[in-house]
Amino acid sequence: MKRRDFLKTGALAGAALTLSFDSLQAALASKQVAVEKAPDLVAVMGGEPGLMLEKALEALGGIEKYVRSGQRVVIKPNIGWDRTPELAGNTNPELVAALVKKCLAAGASKVTVFDHTCDNWQKCYDRSGIADAVKAAGGVIVPANEEVYYKEVSLPQGVNLKKAKVHEALLDADVWLNVPVLKNHGGAKMTISMKNYMGIVWDRGFFHKNDLQQCIADICTWEKRPALNIVDAYRVMRQNGPQGKSAADVSVLKTLIVSSDIVAADTAAVRFFNQVEKMDISAVGHLGKGEAHKLGSTDLDKITIKRIKVG
């Protein structure tokens, strides 16, 4: 990425970078979108989280296409770390709040938000800003820190992971929305939509001991798939993930990538990530393994992508 493609922002004193729309176009280069049909994937750039969500959902046919009146909805962001929003360790609270409001406006009977955090759950929920944002938007945020909240499910398609204990909120939900933040990860290389599944299970230790990349792909074969994968790339942790060390690890890219195809969403997100930090997509092994499970496609030329610039 050439120096002229970046514009400095004042938000994080030189640590953050704003990516040009041309770079987004290049990162997600594929066939032209057919305006007559809804796209398979939408990438929005240049706005605040709520506005970008509005534009993405509009392009996909509206939230009502995914959430129906009376349904119980679960939103699963990344709330794993005791970090403020500026450090990009967790999903942007403004995005989560906007999505809660959208679901309620569509007639959802209840919108529940949770994550099995890595740091102390109360500190993560509070410091991330997500607990307050969810409550203010009319949603319910629930804990996930005790095994009693989880029940075992079968994963017949799994290679290494044949069963897992999944949070009861998801088992009770009619529909769920997967809302990860895009960031670097030491073990999995990248943590996006597929990796975000690790926050729905109780025993994450098994993943790390039995081929992390394969287990990430295996848990995504669970029969209850997310209706949408909404990748938060407003602030991106480009190094020292998943926790980050300081604002110097963060780039402000003001982007949102949305698709029901979890493999395509994460492939597009990695390709976009490469505009600020080099990441060999083959190193993100769970993508190819997810494709082998027929969870989606890594070939963006085979899907229809709509790119929207706002702001």
Side-chain angles (χ1 to χ4, degrees), residues 49 74-97 99-100 112-134 139-147 149-150 161 164-170 176-209 212-213 215-216 219-220 222 226 229-247 249-250 262 265-266 269-270 273 284 286:
V74 163
I75 295 172
K76 168 56 180 74
N78 188 323
I79 328 175
W81 304 100
D82 181 8
R83 297 289 187 272
T84 60
E86 293 74 21
L87 296 180
N90 307 299
T91 304
N92 192 305
E94 294 180 36
L95 175 61
V96 178
L99 187 55
V100 170
T112 302
V113 178
F114 81 92
D115 190 17
H116 185 189
T117 66
C118 298
D119 290 337
N120 176 276
W121 72 275
Q122 291 172 312
K123 291 181 178 179
C124 293
Y125 280 24
D126 291 342
R127 200 167 184 217
S128 67
I130 291 175
D132 286 344
V134 168
V140 177
I141 190 158
V142 298
N145 62 313
E146 296 182 6
E147 190 172 1
Y149 297 128
Y150 298 80
L161 189 67
K165 288 188 175 181
V166 171
H167 196 284
E168 61 188 3
L170 272 181
W176 70 285
L177 304 166
N178 189 14
V179 193
V181 63
L182 171 59
K183 59 180 179 175
N184 164 257
H185 189 280
K189 303 306 178 184
M190 296 294 298
T191 173
I192 326 172
S193 309
M194 293 180 69
K195 175 69 169 59
N196 201 39
Y197 265 75
M198 287 184 71
I200 74 171
V201 302
W202 173 248
D203 185 8
R204 292 180 299 226
F206 183 91
F207 286 62
H208 291 281
K209 297 172 186 174
L212 177 61
Q213 302 282 7
C215 286
I216 291 171
I219 187 59
C220 293
W222 181 41
N229 303 283
I230 302 171
V231 181
D232 168 28
Y234 188 91
R235 297 183 185 93
V236 172
M237 185 186 295
R238 65 182 187 277
Q239 60 188 12
N240 294 320
Q243 298 186 58
K245 295 180 178 179
S246 71
D249 297 326
V250 178
I262 195 169
D266 283 7
V270 175
F273 182 87
V284 190
H286 56 268

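Worth saying up front: this structure is predicted, and the values here are computed from it rather than measured.
Between C220 atom SG and M198 atom CE the span is 10.5 Å, to the nearest 0.5 Å. The CD1 atom of I200 sits 5.0 Å away from atom CH2 of W176, with the distance rounded to the nearest 0.5 Å. Here CZ of R235 is found 9.0 Å from CG of L87. Values are rounded to the nearest 0.5 Å. The distance from the NZ atom of K165 to the CG atom of D203 is 9.0 Å, given to the nearest 0.5 Å. In this structure, the separation between NE2 on H185 and CD1 on I192 is 11.5 Å, given to the nearest 0.5 Å.
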Please report the C-alpha distance between L170 and W222 in whole Å, then the side-chain angles of each, then the deciding distance to 0.1 Å, and finally whether the side chain to side chain contact (heavy atoms under 4.5 Å, CB included) criterion is met. CA-CA 11 Å; L170 272 181; W222 181 41; 4.1 Å; yes
So F207 and I219, side chain to side chain contact (heavy atoms under 4.5 Å, CB included) or not? Walk me through it. CA-CA 10 Å; F207 286 62; I219 187 59; 3.9 Å; yes
Could you walk me through whether N184 and F273 satisfy the side chain to side chain contact (heavy atoms under 4.5 Å, CB included) test, starting with their C-alpha distance in whole Å, then the side-chain angles of each, then the deciding distance to 0.1 Å, before giving a yes or no? CA-CA 9 Å; N184 164 257; F273 182 87; 4.1 Å; yes
Using side chain to side chain contact (heavy atoms under 4.5 Å, CB included), reason through M190 and K195 one step at a time and then give a plain yes or no. CA-CA 8 Å; M190 296 294 298; K195 175 69 169 59; over 6 Å; no
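Shortest non-hydrogen contact noted between Y125 and F114 is OH-CA, 3.6 Å. Among all heavy-atom pairs drawn from C124 and G80, the shortest one is SG-O, 3.4 Å. The two residues L212 and A188 make their nearest non-hydrogen contact at CD2-N, 3.7 Å. Smallest separation of non-hydrogen atoms from K189 and Q213: CG-NE2, 4.2 Å. When every heavy atom of L161 is checked against every heavy atom of C215, the shortest pair comes out as CD2-O, 3.9 Å. Scanning both residues, P85 and S128, for their nearest heavy atoms gives CG-O, 3.3 Å.
Test V231, T91, N78, T191 against L182 for side chain to side chain contact (heavy atoms under 4.5 Å, CB included) and you get one pass: V231. Test D115, I79, L95 against I130 for side chain to side chain contact (heavy atoms under 4.5 Å, CB included) and you get one pass: I79.
In this structure, H116 and Y150 have tilted ring planes: the angle between them lies in the 30° to 60° band.
In this structure, D132 and P93 have side chains that are not in contact, with every pair of non-hydrogen atoms separated by 4.5 Å or more. Contact of the N145 side chain with the T117 side chain is not registered, since no non-hydrogen atoms from C-beta on lie closer than 4.5 Å.
The closest donor-acceptor contact from the side chain of D119 to the backbone of D82 lies under 3.5 Å. A donor-acceptor contact shorter than 3.5 Å links the side chain of D266 to the backbone of M194. Judged by distance alone, the side chain of D249 and the main-chain N or O of M237 form no donor-acceptor pair under 3.5 Å. In terms of modelled atom types and a separation under 3.5 Å, the side chain of N229 and the main chain of N178 share no donor-acceptor contact. Of the possible polar contacts, one joining the K183 side chain to the G89 backbone as a donor-acceptor pair under 3.5 Å is found.
For N92 and D232, the side-chain atoms include no donor-acceptor pair closer than 3.5 Å.
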